[in-house]
Asks: 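Encoded as structure tokens, here's the structure I'll be asking about.
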There are 2 protein chains.
Amino acid sequence: MVRYDKGDVTISEAARRTACPIETIRYYERIGLVAPPPRNGKYRAYRPEDLARLGFIRRARELGFGLDAIRALLRLAASGSETCANMQMIAEIRLADIRARIADLAAMEHVLAETITRCEFGNDAACPLIEVLSQRVPLIYSPESSRRR
Amino acid sequence: MVRYDKGDVTISEAARRTACPIETIRYYERIGLVAPPPRNGKYRAYRPEDLARLGFIRRARELGFGLDAIRALLRLAASGSETCANMQMIAEIRLADIRARIADLAAMEHVLAETITRCEFGNDAACPLIEVLSQRVPLIYSPESSRRR
DNA sequence: CATACGGTCCGTAGCAACTCCAGACTCAAG
DNA sequence: CTTGAGTCTGGAGTTGCTACGGACCGTATG
């Protein structure tokens, strides 16, 4: 195991601290989402600021932001002025997306749960699920559901 | 436009009736999810049973079933015996997945909506979103949330 | 000193489920 | 005969990773 004298850490330690898998960290570097960290010999040596950026990215991913959106957020967070309104816009787009997905999923949940219940109570004729999937009429979605974005 | 005398239809008509995009229909054929339909000369001619299968697939996709699950559902629907219990199992797995995703999304929704609200009411110090994304503590998830499946 | 072991490196390929493109046809209407 | 719309095939691109193979590197142990 390689040792680093300063506060810098190996990639596996960076992965542990930021909860990003090693492969993902290297991936972020490849696509230019994070700058290549300095090297200790041949090995990457992550400084505190590198770890902070990776943590930022991971938390944004947990909120479902796409990598492009994260790029924008990072740029705004670095610019430091007038950022709040801009970040708010990005976050609101994301929030609308989340709500649309929840609505979609809730519609699915409703149909599936109802169908399964009909399965459990006497399946007199055909399997209700086959019926649902075979019928000609399309499934009903809640009106604000966004199937195609 | 090519004309078919029987009940068979062109791919664009099949797309219209099943609400599967043309490219997707050809994709399903490529991966063996649907059998190659007969040809009228060089063009695909979709029979009613082909349309039924495509419609089945599309409705299952709308309920969020993966293509592998759909393959299983189609096999069961075709076998015709003892299917209900098996299909129910597949549907229940899917339902559990939907519920887990809803829980994940609800957690995201909660954090984002709350943060945005803090943005709107006086941003005294820093942008709350930056704060959330920069803080060291990981976001709280509801306990039954399944981050990694 | 040799060597085994674990960590790291790089490049590439694969996943889901499409989606889009180029370039070549085919067919029917005007 | 030309025009235009539809169709064909094969392949590449999308998103966000994840896995793999084979080569190094550094340390601990025999």
Side-chain angles (χ1 to χ4, degrees), chain A residues 1-5 8-34 36-46 50 54 57-74 94 97 101 104 147-149, chain B residues 1-5 8-34 36-46 50 54 57-74 94 97 101 104 147-149:
Chain A
M1 171 78 160
V2 186
R3 294 262 171 65
Y4 296 158
D5 13 37
D8 303 354
V9 298
T10 64
I11 196 169
S12 60
E13 180 63 16
R16 201 187 59 73
R17 291 201 201 166
T18 64
C20 297
I22 293 178
E23 302 285 345
T24 303
I25 295 175
R26 281 200 282 253
Y27 168 69
Y28 288 159
E29 185 182 325
R30 262 210 308 288
I31 64 170
L33 189 58
V34 302
R39 299 274 178 135
N40 189 346
K42 303 216 154 196
Y43 296 164
R44 290 171 178 84
Y46 290 88
D50 298 320
L54 284 170
I57 293 168
R58 185 193 125 259
R59 281 182 288 274
R61 288 292 297 133
E62 265 181 8
L63 289 176
F65 288 100
L67 297 189
D68 276 356
I70 293 174
R71 240 182 266 267
L73 288 174
L74 284 165
R94 176 75 202 122
D97 191 52
R101 280 158 176 258
D104 278 356
R147 292 230 301 289
R148 314 209 179 287
R149 268 165 299 120
Chain B
M1 167 81 159
V2 186
R3 292 263 170 64
Y4 297 157
D5 12 38
D8 303 356
V9 298
T10 63
I11 196 169
S12 61
E13 180 62 17
R16 202 187 57 74
R17 291 201 202 167
T18 64
C20 296
I22 291 179
E23 301 286 342
T24 303
I25 295 176
R26 283 199 282 252
Y27 168 70
Y28 288 160
E29 185 182 323
R30 262 210 307 286
I31 65 169
L33 190 59
V34 301
R39 298 275 176 134
N40 190 345
K42 304 215 155 194
Y43 295 165
R44 292 172 179 83
Y46 291 88
D50 297 320
L54 284 170
I57 292 168
R58 185 192 126 262
R59 280 182 289 273
R61 287 293 297 132
E62 266 182 5
L63 289 176
F65 288 99
L67 296 190
D68 277 355
I70 292 174
R71 241 182 266 266
L73 289 176
L74 284 165
R94 177 73 201 123
D97 190 52
R101 279 155 173 259
D104 278 356
R147 290 228 303 289
R148 314 208 180 287
R149 268 165 300 122

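Computed over heavy atoms, backbone and side chain alike; hydrogens, waters and symmetry mates excluded. Computed from a predicted model, the values in this text were never measured in an experiment.
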Asks: What is the distance from CG of B/L33 to P of C/dA17, rounded to the nearest Å?
Replies: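 Value for this atom pair: 10 Å.
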
Asks: Looking at the side chain of B/Y43, which of C/dC9, D/dC17, C/dC27 is the nearest nucleotide?
Replies: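 When the side chain of B/Y43 is considered, C/dC27 is the closest of C/dC9, D/dC17, C/dC27.
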
Asks: As a test of understanding, state which of B/V34, B/I11, B/N40 forms a side-chain contact (heavy atoms from CB on, under 4.5 Å) with B/Y46.
Replies: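 So the option named by the test is B/I11.
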
Asks: Closest nucleotide of DNA chain D for A/Y28 versus for A/G41: which of these residues is on the 5' side?
Replies: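 Nearest nucleotide further toward 5': that of A/Y28.
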
Asks: Nearest to the side chain of A/R44, heavy atoms from C-beta on, is which of D/dC17, C/dC10, C/dA17?
Replies: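 Of all the options, the side chain of A/R44 is nearest to C/dC10.
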
Asks: Roughly how many Å is it from CD1 in B/I31 to P in C/dA17, rounded to a whole number?
Replies: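 Whole-Å distance recorded here is 8 Å.
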
Asks: Of the candidate nucleotides C/dT12, C/dT8, D/dC8, which contains the atom at the shortest distance from the side chain of A/R30?
Replies: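 It is C/dT12.
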
Asks: Please state how far atom CG in A/N40 lies from atom P in C/dG7, giving the value in whole angstrom units.
Replies: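 To the nearest whole Å, that distance equals 17 Å.
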
Asks: At less than 4.0 Å, is any side-chain N or O atom of B/S12 found next to OP1 or OP2 of D/dT7? Yes or no.
Replies: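 The answer is yes; a side-chain N or O of B/S12 sits under 4.0 Å from OP1 or OP2.
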
Asks: Does a side-chain N or O of A/T10 approach OP1 or OP2 of C/dG7 to a distance below 4.0 Å, or not?
Replies: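 No, because none of the side-chain N or O atoms of A/T10 sits under 4.0 Å from OP1 or OP2 of C/dG7.
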
Asks: Rounded off to whole Å, could you give me the CZ-to-C1' distance for the A/R58 and D/dG16 pair?
Replies: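 Between C1' of D/dG16 and CZ of A/R58: 16 Å.
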
Asks: Roughly, in whole Å, what's the span from CD in A/E29 to C1' in C/dC10?
Replies: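 Atom-to-atom, A/E29 to C/dC10, this comes out as 11 Å.
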
Asks: Between B/Y27 and A/K42, which is nearer to the 5' end of DNA chain C once each is assigned its nearest nucleotide?
Replies: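 First, find each residue's nearest nucleotide; the 5'-ward one identifies A/K42.
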
Asks: Measure from CD1 on B/I22 to P on D/dT7 and round the result to the nearest Å.
Replies: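 Spelled out: CD1 on B/I22 to P on D/dT7 is 5 Å.
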
Asks: Grab the two heavy atoms, one from A/A14 and one from A/V9, that are nearest each other, plus how far apart they are.
Replies: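 Closest approach of A/A14 to A/V9: N-CG2, 3.9 Å.
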
Asks: Roughly, in whole Å, what's the span from CD in B/E62 to P in C/dC18?
Replies: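 Computing the B/E62:CD to C/dC18:P distance gives 11 Å.
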
Asks: Answer yes or no: is there an ion pair linking A/D97 with A/R94, defined by an N-O contact shorter than 4.0 Å?
Replies: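 Looking at A/R94 together with A/D97, the answer is yes, because their closest N to O distance falls below 4.0 Å.
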
Asks: Can you tell me how far C1' of D/dC17 sits from CG of A/D68, to the nearest Å?
Replies: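 A/D68 atom CG is separated from D/dC17 atom C1' by 15 Å.
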
Asks: Could you tell me whether A/R16 and A/E13 make a salt bridge, using a distance below 4.0 angstrom between a side-chain N and a carboxylate O?
Replies: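 Yes.
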
Asks: Determine whether any donor atom in the side chain of A/E23 lies under 3.5 Å from an acceptor atom in the base of D/dC17, or the reverse, and answer yes or no.
Replies: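 Check fails, no donor-acceptor contact within cut-off.
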
Asks: Just N and O in the side chain of B/R26: are any of them under 4.0 Å from OP1 or OP2 of D/dT9?
Replies: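 Negative; the distance criterion is not met.
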
Asks: Supply the atom-to-atom distance A/E23 CD to A/R30 CZ, rounded to the nearest 0.5 angstrom.
Replies: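 One finds 8.0 Å between CD of A/E23 and CZ of A/R30.
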
Asks: From the list D/dT18, C/dT8, D/dT7, which nucleotide is the closest neighbour of the side chain of A/T24?
Replies: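 Of D/dT18, C/dT8, D/dT7, D/dT18 is nearest to the side chain of A/T24.
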
